[in-house]
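Structure first, commentary second.
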Number of protein chains: 2
Amino acid sequence: MAQERRSGCPINLTLEQLGDRWSLIVIRDVMFGNRRSYGDLLANNEEGIASNILADRLKRLVASGLMTRSPDPSHRQKSIYSLTEAGIQLVPLLAQMCAWGLAHTHPSPLLSVRATLLVAGGPDMWEALMQELRYLHLGAPRPERSVFEEVRAAYAAAAKVS
Amino acid sequence: MAQERRSGCPINLTLEQLGDRWSLIVIRDVMFGNRRSYGDLLANNEEGIASNILADRLKRLVASGLMTRSPDPSHRQKSIYSLTEAGIQLVPLLAQMCAWGLAHTHPSPLLSVRATLLVAGGPDMWEALMQELRYLHLGAPRPERSVFEEVRAAYAAAAKVS
DNA sequence: TCATCCAGTTGCAAAATACAAGCGGTTCAA
DNA sequence: TTGAACCGCTTGTATTTTGCAACTGGATGA
């Protein structure tokens, strides 16, 4: 159970928790897509994640303290997955992944809209997004600025044009 | 050969290239440890990477344009691996991984010294490091500031104390 | 000439991933 | 009250990736 760690390097330890093909995809969907239940994550995932992989990743992310699971009052079988503060603090990392992906891969134009906005917004926007996530996931007071709304508007405008 | 992509999302595309347990470890060693040959990478890797995994990752990183391989004039069997501009631009991503790892894992104190300095230095220091990497890997003119030297000095000081 | 170095490759076992089907409890409408 | 649909998974199986150890064939140096 107490998994051996390969080394004490912070990059390595981050990789040991998040260095696979799916963990950050799940976090991305919870974070940017506000998908909060298993079924929502499974049905609306862009990359077609398999149900057993999703179940495994959710378990691992909860176990390692990046997410929490709480019962959904509207449906006894459902759970609501929320980001913890540690999960929310992945925003800058994901933003850098957006930046690198935009510059060095060939992302689809429509899916690039939100990423471009997030990268252009820089650390100020990332901090505002983190505040908003603390509101949505941790019950913090609602911030004035809504990055979600800014991004939604930009996406809608781009989708209309294309 | 033309591998199917799961989606056009820039985060996903980044993950498809770098989302495994070893690719970024190899890049870290080339980037921060200035390990430039197969043998150097294999013998001095902190995490004990296996020889076949290293060979595979070097091939993939070269194939995907993050590194180049050139012959070593001093030894006909050896090659020198260098970062490309795309590889160098992973500096901010790795810096964010350092930041998250420092805050949310339990890295070893000694290995945290360099990471802490890099995180504290912020984007200015990352840019200086990138300039230095362009000098070391791409033949750009030598910059005045040497982040390598700053980091080396901090590490030596910490190692002496501990 | 011969031991050593060097950059990998090969064979095999174990683990992770992918895909499809199934399962028991819950909800809801008739 | 009953049955269909929904829900969050689990199970079984095939494929792929990883990890480990041993090995190889050429290059180098004494």
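Nothing here was measured: the structure is a model prediction, and the numbers come from that model. Letters A, B, ... mirror the listed sequences (proteins, then strands); counts begin at 1.
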Checklist entry - To the nearest angstrom, how far is E47(B) atom CD from dT18(D) atom P? => result 16 Å
Next on the checklist: Counting only heavy atoms not in E149(A) (residues, nucleotides, ligands), do more than 12 fall under 6.0 Å from its CD?
Outcome noted: yes
Next on the checklist: Quick check for you: among dT10(D), dG19(D), dC7(D), whose closest atom lies nearest to any side-chain atom of H75(A)?
Outcome noted: dC7(D)
Item to check | Presence of Y81(B) side-chain N/O under 4.0 Å of dA7(C) phosphate oxygens OP1/OP2 | outcome: no
Item to check | Nucleotide of dA27(D), dG19(D), dT17(C) approaching N52(B) most closely (side-chain heavy atoms) | outcome: dG19(D)
Checklist entry - If you find the nucleotide of DNA chain D closest to G39(A) and the one closest to R6(A), which residue's nucleotide is nearer the 5' end? => result G39(A)
Next on the checklist: At 4.0 Å (heavy atoms only), tell me whether S79(B) reaches a base, stays on the sugar-phosphate, or touches nothing.
Outcome noted: nothing
Item to check | W22(B) six-ring face occupied by R6(A) cation (under 6.0 Å, within 45°) | outcome: yes
Checklist entry - Whole Å only: how far is the CH2 atom of W22(A) from the P atom of dT17(C)? => result 10 Å
Next on the checklist: With a 4.0 Å cutoff (strictly under), does any side-chain N or O of R76(B) reach OP1 or OP2 of dG26(D)?
Outcome noted: no
Item to check | Residue-phosphate contact under 4.0 Å: R57(A) side-chain N/O, dT17(C) OP1/OP2 | outcome: yes
Item to check | Y81(A) six-ring face occupied by R36(A) cation (under 6.0 Å, within 45°) | outcome: no
Item to check | Cluster link L42(A) to V30(A), ILVMFWY, side chain under 4.5 Å | outcome: yes
Checklist entry - Reckon K59(A) has a side-chain N or O less than 4.0 Å from the OP1 or OP2 of dT10(D)? => result yes
Next on the checklist: Using the side-chain heavy atoms of S51(A), tell me which of these nucleotides is nearest: dT18(D), dC9(D), dA7(C).
Outcome noted: dC9(D)
Checklist entry - How long is the line joining CG of D56(A) and C1' of dA16(C), in whole Å? => result 9 Å
Checklist entry - When we call it a touch if two heavy atoms are under 4.0 Å apart, what does R36(B) touch: a base, just sugar-phosphate, or nothing? => result nothing
Next on the checklist: With a 4.0 Å cutoff (strictly under), does any side-chain N or O of R69(B) reach OP1 or OP2 of dA7(C)?
Outcome noted: no
Item to check | Euclidean distance, atom CD1 of residue I49(B) to atom P of dT17(D) [Å, nearest integer] | outcome: 16 Å
Checklist entry - Does any N or O donor sit under 3.5 Å from an N or O acceptor when you compare the side chain of Q77(A) with the base of dG25(C)? => result yes
Checklist entry - Whole Å only: how far is the NZ atom of K78(B) from the P atom of dA7(C)? => result 5 Å
Next on the checklist: Just the rounded figure in Å: distance from C1' of dA15(C) to CZ of R21(A).
Outcome noted: 15 Å
Checklist outcome for this item: Here the distance between atom P of dC5(C) and atom OH of Y38(B), to the nearest Å, is 16 Å
Item to check | Atom pair distance, as rounded to whole Å: CD in E16(B) and C1' in dT17(C) | outcome: 14 Å
Checklist entry - Which value, rounded to the nearest 0.5 Å, describes the distance between T68(A) atom OG1 and I80(A) atom CD1? => result 10.0 Å
